[in-house]
Amino acid sequence: MKFLIFADDAKSLAGLATKLRDNGEVSAVTLEGQPKQCSNYGIKSLVELKGKAFPDNVSHVLLSMDLNSYDLIVISSSPLGREVAGIVSAKLDSPAMTEVFDFTFSPGKLVTKRFFFGGKTIMEEESDSKIVTVTPGSFDSNNGENTDKIESVELPGSKISLMEIKEKEKSSTNIENANIIVSVGRGIGKKEAIESIMPLVDVTHGELAGSRPVCLDYKWLSEERQVGLSGKKVKPKVYIALGISGQIQHIAGMRGAKVVVAINKDRDAPIFQECDYGIVGDLFQIVPKLVEALKK
Amino acid sequence: MSLNIIVLVKQIIDIDQIRNDQKTGEPILQNIPLRIENLSKNAIEAAVQLKEKNGGKVTCIIFGTDKSNTAMKEAYAMGVDEGHIITGYSGNNPYLTAKVIAEKIRAIGDYNIVILGNQSADSYTGLLPGLLSSMLDVSLLGNAVNIEADGEAIKIKRVLDERDEVISAKMPCVISVTQEINQPRLPPVLQIMAAGRKPINMEPAKIQVKAPSRVLSNLAPKSDRKREIYEDVDKGVETVAKAIRGEIR
Ligand SMILES: Cc1cc2nc3c(=O)[nH]c(=O)nc-3n(C[C@H](O)[C@H](O)[C@H](O)COP(=O)(O)OP(=O)(O)OC[C@H]3O[C@@H](n4cnc5c(N)ncnc54)[C@H](O)[C@@H]3O)c2cc1C
Ligand SMILES: Nc1ncnc2c1ncn2[C@@H]1O[C@H](COP(=O)(O)O)[C@@H](O)[C@H]1O
């Protein structure tokens with residue numbers, strides 16, 4: 001089989017290439033600056049798009065490639081990726097399977113898995129789709145053969161113009177690779193309360209993460225620390241959920257954890273259905289005790 | 001410049017009320033009410049705010065069923081001026097949805113902006129913004145957390161992983177919004193009552209597209225968690241500390 005991947009970032013591209021390369025030949029398109037971090041994952045030929053990427057000019061380049069010669073076009077479901085996928089799907093007159101977190105090939109068919117009903121169910125579907133968008137972080141990467149050919153393509157002009165840009169501070173966090181995650185929810189009450197959680201983060205050598213309200217609405221933590229359906233999918237050895245109710249959109253991001261610990265004052269919080277060990281009570285009283293016990 | 005705004009609204013069953021059968025893992029869907037999908041509400045709010053600021057009109061399109069009246073009435077109460085329900089929706093098929101909606105938008109003809117959610121809360125597809133911008137051949141300004149009309153152009157702010165951007169394009173254009181853009185209003189009772197009397201246009205979809213996939217299963221994810229819950233804090237702490245140490249080592 002022949003595959004074409006579009007992913008804006010090297011990490012998603014490496015994961016997708018690792019997933020696909022044993023099933024056939026992988027070509028890929030990515031954005032400027034990415035190729036050096038993904039040139040040894042078994043991608044045969046790689047196109048680097050130079051310049052400012054918008055949905056219209058990126059899909060223009062993709063559509064100028066001979067897309068019909070590929071058995072499957074795999075697009076990483078970033079904001080840009082989803083937009084590009086929609087445009088490519090419309091232009092090729094070919095429906096796409098979307099936001100899948102796993103897929104396999106059965107003869108002539110694509111079998112995909114995705115969350116449905118807001119994360120309450122997993123829907124498994126069989127299709128003849130030639131386009132699929134994949135949730136970032138769904139596949140681990142490991143090194144493969146080197147890329148033979150890296151080609152640069154200048155992006156054409158776009159009808160969209162960039163007026164302002166504010167780069168965010170690059171933090172060194174990568175909760176997707178963390179072994180231990182201490183995750184906080186609205187139950188911590190205020191930003192300052194994170195201080196009192198830090199001893200637990202330190203004693204476990206963990207990474208701090210949070211639910212969506214904590215990261216997006218209140219900005220107590222930065223967005224790249226959000227776990228969940230619309231955040232990061234994490235697979236730590238231990239996931240400690242503090243003051244997180246356990247709504248399904250949150251669970252969707254931590255289902256891959258080996259051991260889940262939950263501390264919540266509400267005995268009926270749904271998180272207790274999705275944990276291995278739960279303690280019912282006030283997290284501000286329990287966390288110091290847990291830190292003491294772990295120091296012993 | 002006053003704006004002709006089209007807002008796209010999806011009606012879904014209330015996903016928050018879905019429970020799964022403990023034995024079979026099947027979602028129990030009987031007797032669960034319908035409601036407006038989360039992001040569609042943000043889209044309505046954004047559309048109405050733009051109208052309030054710039055003047056103009058908000059037209060709502062629902063590709064739904066003959067039960068979509070309630071959703072349209074709620075949209076009216078929030079400030080939508082004109083509503084079109086296209087019946088024939090029978091499940092998640094974004095490709096068909098986009099074709100049906102694009103056709104209706106072409107029939108309406110005179111518009112400056114189409115506003116919709118970036119990813120719907122039930123199916124989380126996220127494909128409609130791209131599909132529609134392509135089918136309508138207009139620019140896509142995606143993932144807006146703020147929208148501003150600026151003469152012939154529209155400016156949006158978007159928040160991405162690595163950076164915040166302000167981007168702009170000439171109208172007409174398609175704009176997708178995120179949940180963070182606004183807090184959808186709760187309309188006052190008087191407005192809800194007035195909305196009930198407003199006429200709603202309803203017509204069947206003319207286009208049919210065969211479902212692109214066959215559903216093999218749709219079940220609650222399996223959870224093999226131990227679920228050892230301690231109300232005795234000291235005992236809980238002891239057990240949890242042991243479990244954590246076992247994994248760290
Ligand atoms: C399309 C969509 C995508 C979404 N994506 C995500 C996502 O990626 N990630 C995500 O997390 N959410 C996501 N959500 C939001 C999700 O539905 C929930 O709203 C969110 O997860 C709730 O966050 P929370 O658990 O921190 O807050 P809450 O639900 O408010 O829970 C707070 C918990 O803290 C407990 N608590 C309070 N005080 C204490 C105390 N002193 N000690 C112990 N416990 C205490 C309470 O009992 C409660 O259970 C999404 C929603 C939608 C619609
Ligand atoms: N059946 C529908 N009728 C009208 N608008 C829809 C429909 N389905 C989706 N939308 C709009 O498209 C957005 C994104 O949906 P999706 O691309 O399916 O994730 C939603 O938030 C709605 O604004």
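Values reported hereafter were calculated over all heavy atoms of this structure, with side chains retained and with hydrogens, waters and symmetry mates removed. The chains referred to below are lettered A, B, ... by the order of the sequence lines, with proteins before strands, and numbering in each begins at 1.
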Heavy-atom cut-off 4.5 Å, strictly under: side chain, backbone, both or neither for [X] against chain B?
X: A:Arg267; value: side chain
X: A:Ile180; value: side chain
X: A:Gln273; value: both
X: A:Ile240; value: side chain
X: A:Lys295; value: neither
X: A:Val291; value: neither
X: A:Glu223; value: side chain
X: A:Thr112; value: neither
X: A:Asp93; value: both

(message) Within the 4.5 Å heavy-atom criterion, are A:Met163 and B:Lys157 side-chain neighbours or not?
(response)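 Answer no - side chains too far apart.
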(message) For the CG atom of B:Leu140 and the CD1 atom of A:Ile160, what is their distance to the nearest 0.5 Å?
(response)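 B:Leu140 CG to A:Ile160 CD1: 6.0 Å, rounded to 0.5 Å.
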(message) With side chain to side chain contact (heavy atoms under 4.5 Å, CB included) as the criterion, how do A:Leu216 and B:Glu180 come out once you've worked through the C-alpha distance, each side chain's angles and the decisive distance to 0.1 Å?
(response) CA-CA 8 Å; A:Leu216 268 174; B:Glu180 287 70 44; 3.5 Å; yes
(message) Looking at A:Glu164 and B:Arg163, is there a salt bridge between them, counting it only when a charged N and a carboxylate O are closer than 4.0 Å?
(response)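 Salt bridge absent between B:Arg163 and A:Glu164.
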[X], part contacting chain A, at a heavy-atom distance under 4.5 Å:
X: B:Ala220; answer: both
X: B:Leu29; answer: side chain
X: B:Thr239; answer: side chain
X: B:Asn20; answer: side chain

(request) For A:Lys258, check salt bridge (Lys or Arg N to Asp or Glu O under 4.0 Å) against everything at least two apart and list the hits. (result)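 Expected list: B:Glu247.
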(request) Identify, with sequence neighbours excluded, every residue that meets ring pair (Phe, Tyr, Trp, His ring centres under 6.0 Å) alongside A:Phe101. (result)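 Expected list: A:Phe115.
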(request) Would you check, one step at a time, whether the test side chain to side chain contact (heavy atoms under 4.5 Å, CB included) holds for A:Val260 with B:Arg225? (result) CA-CA 8 Å; A:Val260 175; B:Arg225 300 278 173 214; 3.4 Å; yes
(request) Identify the residues of residues 89-100 of chain B whose heavy atoms come closer than 4.5 Å to a heavy atom of chain A, ordered by number, or report 'none'. (result)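 Under the 4.5 Å heavy-atom cut-off, B:Asn92, B:Tyr95, B:Lys99 qualify.
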(message) Taking 4.5 Å as the heavy-atom cut-off, does anything in residues 209-217 of chain B contact chain A, and if so which residues?
(response)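 Counting heavy atoms that sit under 4.5 Å from chain A, the residues of residues 209-217 of chain B involved are B:Pro212, B:Ser213, B:Arg214, B:Val215, B:Leu216, B:Ser217.
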